[in-house]
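Taking it in order: structure first as structure tokens, then the write-up.
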Amino acid sequence: MLYHPDKHRDPELKSQAERLFNLVHQAYEVLSDPQTRAIYDIYGKRGLEMEGWEVVERRRTPAEIREEFERLQREREERRLQQRTNPKGTISVGVDATDLFDRYDEEYEDVSGSGFPQIEINKMHISQSIEAPLTATDTAILSGSLSTQNGNGGGSINFAAVFYATVGPLVIYFAMHRLIIKPYLRAQREKELEKQRESAASDILQKKQEAEAAVRLMQESVRRIIEAEESRMGLIIVNAWYGKFVNDKSKKSEKVKVIDVTVPLQCLVKDSKLILTEASKAGLPGFYDPCVGEEKNLKVLYQFRGVLHQVMVLDSEALRIPKQSHRIDTDG
């Protein structure tokens, strides 16, 4: 109801509401279907992205869905291993069929069993190899072969590395890796991290815009919620911050990265209570992740029955307020 486009007359707010309403609709489609909801409840969004669900029989229990998910995951890992190890093998067999096509029958007429031509396997060669990726560009290869001919045979096992499009013993590889490849890869990783930061910055900007749009759409609802809570001396969110806090004096150089989430939290208050489950707060309406990959907390200063309370919880920690233990002691 909060994001329904028909509830907003302002063209800009209506456009923002339509975008957020579509996200809510996608969530509804997942949660209203018993199977997709069971998958999401167990494995979250990554479970819905697993290939193979389209051929799975519906009406499965959560236990059956978990088993099916694990089976699909095993199959995917096996495919990945097959692609990474790239196993190859050959088998060749030499057959002597001279007696079948060029036989001197008159020479063996009196020999027992000579009525059937004799076919002999006179040589055989078997080879097998697997690859073990050491880095994105370097690979270790384990290969072996076994040969036999006329009753005599032999075999070999080789362990070598492919680097810079050449093949050499592992000793040479590791020397090259330490002196040349490792520094090069380190520089490449720095470039990749920089690209990831740029990519994350773009994603954060989009999430930030969506969160700000949600907050604007919440304003009227929050105003009514505050009026109702004030009339009963109920729960008022005075201030709330979400993100990275730096409390350790030894980390003064680190930058605090928090966002104001006072309005989104007040919007979630119902009957003088606020309940957040064990999940990242970044997914709540009006929230976004201000510091991807870093430890985050939620800090809330609230008023209940005219008394100030304060609490700080970890990002994925459950939260229920009000609580007596959050009360700020003003005595003395």
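One is the number of the first residue; the rest follow in order along the sequence.
At most 12 heavy atoms of other shown residues, nucleotides or ligands fall within 6.0 angstrom of atom CZ in Arg9. At most 12 non-hydrogen atoms from other residues, nucleotides or ligands lie less than 6.0 angstrom from NZ of Lys7. Annotation for Arg327: atom CZ does not count as buried by contact number, only 12 or fewer foreign heavy atoms lying within 6.0 Å. The number of heavy atoms from other shown groups lying within 6.0 Å of CZ (Arg223) is above 12. Counted within 6.0 Å of CD on Glu227, heavy atoms from surrounding residues, nucleotides or ligands total more than 12; the atom is thus considered enclosed. Residue Arg19 qualifies as enclosed at atom CZ: its count of foreign heavy atoms under 6.0 Å is above 12.
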List the steps and the verdict of side chain to side chain contact (heavy atoms under 4.5 Å, CB included) for Lys14 and Asp6. CA-CA 8 Å; Lys14 192 178 187 69; Asp6 293 346; 4.0 Å; yes
Next on the checklist: Show, in sequence, the C-alpha distance, side-chain angles and deciding distance for Ile225 and Glu229, and conclude whether the side chain to side chain contact (heavy atoms under 4.5 Å, CB included) test is met.
Outcome noted: CA-CA 6 Å; Ile225 291 171; Glu229 291 297 322; 4.2 Å; yes
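Going from atom NE2 of His326 over to atom CD1 of Ile321 covers 7.5 Å, rounded to the nearest 0.5 Å. Taking CD of Gln266 as the reference point, atom CG of Leu235 lies at 6.5 Å (rounded to 0.5 Å). Here the CG-CG distance, from Leu314 to Leu298, works out to 10.5 Å after rounding to the nearest 0.5 Å. Rounding to the nearest 0.5 Å gives a distance of 13.0 Å between CD1 of Ile259 and CH2 of Trp241. To the nearest 0.5 Å, the span separating CD on Gln26 from CZ on Phe21 amounts to 11.5 Å. Put simply, NZ on Lys273 and CZ on Arg320 are 8.5 Å apart, with the number rounded to the nearest 0.5 Å.
Under the 4.5 Å side-chain criterion, counting only non-hydrogen atoms from C-beta, Ile226 is not in contact with Val269. The closest side-chain heavy-atom distance from Ile126 to Met124 is below 4.5 Å. Using a 4.5 Å heavy-atom cutoff, the side chains of Asn297 and Val313 are not in contact. Looking at heavy atoms from C-beta onward, Leu276 lies in side-chain contact with Lys281 at the 4.5 angstrom threshold. With contacts defined as side-chain heavy-atom distances shorter than 4.5 Å, the pair Glu278/Glu317 does not qualify. The side-chain heavy atoms of Arg37 and Val30, taken from C-beta on, include no pair separated by under 4.5 Å. A heavy-atom distance below 4.5 Å is not found between the side chains of Ile275 and Leu319.
The cluster map of Ile, Leu, Val, Met, Phe, Trp and Tyr, joined by side-chain heavy atoms under 4.5 Å apart, puts Leu20 and Leu268 in different clusters. If you chain together hydrophobic residues whose side chains sit under 4.5 Å apart, Val215 and Ile237 never meet in one group. Both Leu284 and Val300 are members of a single hydrophobic cluster when ILVMFWY side chains are connected at heavy-atom separations under 4.5 Å. By the rule that hydrophobic residues join a cluster once side-chain heavy atoms approach within less than 4.5 Å of another member, Met1 and Met218 end up as members of separate clusters.
No side-chain donor from either of His8 and Tyr3 sits under 3.5 Å from a side-chain acceptor of the other. A donor-acceptor contact closer than 3.5 angstrom links the side chains of Asp315 and Tyr242. Defined by atom type and a distance below 3.5 Å, a donor-acceptor pair is missing between the side-chain atoms of Ser316 and Ser280. A donor atom on one side chain and an acceptor atom on the other are not found under 3.5 Å apart for Ser92 and His125.
Nearest heavy atoms, Pro264 versus Gly286: CG-O, 3.7 Å. Looking at every heavy atom in both residues, Ser272 comes nearest to Gly234 through OG-CA, 3.5 Å. The shortest non-hydrogen separation linking Val222 to Cys267 is CG2-CB, 3.7 Å. In plain terms, the two heavy atoms of Asn239 and Thr262 that are nearest each other are CA-OG1, 3.5 Å. Of all heavy-atom pairs spanning Leu2 and Leu217, the tightest one is CD1-O, 3.5 Å. The minimum heavy-atom distance between Phe245 and Lys299, with the atom names listed, is CZ-CB, 3.7 Å.
Using a cutoff of 4.0 Å between basic side-chain nitrogens and carboxylate oxygens, Lys244 and Glu295 are not scored as salt-bridged. Taking a cutoff of 4.0 Å between a charged side-chain nitrogen and a carboxylate oxygen, Glu220 and Arg224 qualify as a salt bridge. We find that Lys296 and Asp289 are joined by a salt bridge, their nearest charged nitrogen and carboxylate oxygen being less than 4.0 Å apart.
With Ser15 contributing its side chain and Glu12 its backbone, the two residues share no donor-acceptor pair below 3.5 Å.
Classified by interplanar angle (parallel below 30°, tilted 30° to 60°, perpendicular above 60°), the ring pair Tyr302/His309 is parallel.
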